[in-house]
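Convention: sequence-line order gives letters A, B, ...; per-chain numbering from 1. No hydrogens, no waters, no symmetry mates; every other heavy atom, side chains included, goes into these values.
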Number of protein chains: 2
Amino acid sequence: MTKSQRTRSLIVDAALRLFRERGYERTTMRAIAEAAGVSVGNAYYYFRSKEELVQGFYEHIAADHTAAAAEPLTGSTDLAQRLRVTLLAWLTVAEPYHALAGRFFAVAAQPGNPLSPFSQASYPARQVAIALYREVIEGSSIRVAEELEPELPELLWLYHLGIVLFWVYDDSAGLRRTRALIERTVPMVERLCRLSRLRVFRPLTRQIPQLLTELRNGD
Amino acid sequence: MTKSQRTRSLIVDAALRLFRERGYERTTMRAIAEAAGVSVGNAYYYFRSKEELVQGFYEHIAADHTAAAAEPLTGSTDLAQRLRVTLLAWLTVAEPYHALAGRFFAVAAQPGNPLSPFSQASYPARQVAIALYREVIEGSSIRVAEELEPELPELLWLYHLGIVLFWVYDDSAGLRRTRALIERTVPMVERLCRLSRLRVFRPLTRQIPQLLTELRNGD
DNA sequence: GTCTATAGCAAGATAGAC
DNA sequence: GTCTATCTTGCTATAGAC
């Protein structure tokens, strides 16, 4: 680890800690710099803006999620149950960052920003997340339509993103509404997976791989 | 129109124009006030913060969308076609604000912020948007499962929000990827609506009203 | 209640020296 | 890579006009 990397992570760690403690607005760059033991100018040498510091969230969360889901995933081969525990694990891991989530969107949605979940730069983190959902599926006893099978991990990751979006906006006590959304939709997703093998469904399922291909290639 | 309302809209119009011309960051409150022909203090008399000015986007876009969709909607009774022209009309109306969309999310996603599309304060704009989708359905020849019918406008509006989210992140030339998403998913949505009447689907469709009820009530 | 003018603070961001 | 000094700008406060 170079000196540069160490300084960088000193700053990120200090920033995320202060953000969690005091909130984003009430954490000043001066306070972050002081807590990290560097000058304000140095902090700006590594991060072009205060918002860019939110990227620390991104770096931490994918790895933490995989780790947190590992143990609960050993308990069941039922897809619905596996999905449920995986999503609940994410809620637990992400909880300290809930208040920051709005800011996170602001950063990620700047046009061309590498933090967009669909960007080239997010490829590694995205692969980690999709790999987790591949494990969710492979450890389950589900059988889905043949043409859907290779796409299912990515589809479940998109479903996960939908839950995350809802979570961002959810200010109910104890995230009651997000939990309700998970409880209600997880069985629906499982049912849709099962139904995908029916003949009436074929015209629909056949379109999905094409759709994903079109959306993926080329920014 | 009172003098108060006129001043207010002078400020919003100036702000949105400058935001589009120079971007959000590079537009100062001093410049907005000057362009609107008012003092800085007066701008702050009407809007408590610069971010609050983004709500002008919100106010404009719902009304503009309904207006822009009206004419193309006269052309067809096919649900897929009606959905397609409605979504494409939104793309046209929202296009000048694409670069601002990230900021818009930043504002809207602050916990408890009135700009959240799910908040109490957004109720009027949400009703306008949902009413548009009610018209999309009612002018079509589609028949869906009985229990789904009252919820369908809101479901289509949620689908619309999903497209909008994708659009926010879409930096492809001419919004190629968002257009592809619309072209591909519109027939899928129509097909799902049709399939909803099948018996195998009943356990799934029956859950939807309950889900929406749970998610709606109580912030 | 609506508005101007202006002074000034706090904090995000930058320039330039080392 | 790092620092100090400085600039910029969001925002507030105040005093007063109509």
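Within the 4.5 Å cutoff, side-chain heavy atoms of B:L53 are placed close to those of B:F19. The shortest side-chain heavy-atom distance between B:L79 and B:V186 does not fall under the 4.5 Å cut-off. A:V40 places a side-chain heavy atom less than 4.5 Å from the side chain of A:Y44. A 4.5 Å side-chain heavy-atom check between A:R177 and B:E214 finds every atom pair outside the cut-off.
Remark: B:I11 CD1 to B:R6 CZ distance equals 12.5 Å, nearest 0.5 Å.
Position along DNA chain D of the nearest nucleotide to A:Q5 versus A:G41 favours A:Q5 as the more 5'-ward residue.
Within residues 6-37 of chain A, the residues that have a heavy atom under 4.0 Å from DNA chain D are, in order of number, A:T7.
Heavy atoms of B:V40 sit nowhere under 4.0 angstrom from any nucleic acid atom. If you check every strand for non-hydrogen atoms under 4.0 Å, B:S4 touches sugar and phosphate atoms only. Across all strands shown, B:Y46 has heavy atoms under 4.0 Å from sugar-phosphate atoms exclusively, and none from any base.
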Start with the C-alpha gap between B:E21 and B:R17, add the side-chain angles, then the distance that decides, and say whether salt bridge (Lys or Arg N to Asp or Glu O under 4.0 Å) holds.
CA-CA 6 Å; B:E21 285 171 15; B:R17 202 188 72 237; 3.4 Å; yes
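Put simply, chain B comes within 4.0 Å of DNA chain D, heavy atom to any atom, from D:dT9 to D:dT12, going 5' to 3'.
A:Q5 and A:R8 share no donor-acceptor pair across their side chains, judged by distance under 3.5 Å alone.
Within a 6.0 Å sphere centred on CD of B:E34, heavy atoms belonging to other residues, nucleotides or ligands number 12 at most.
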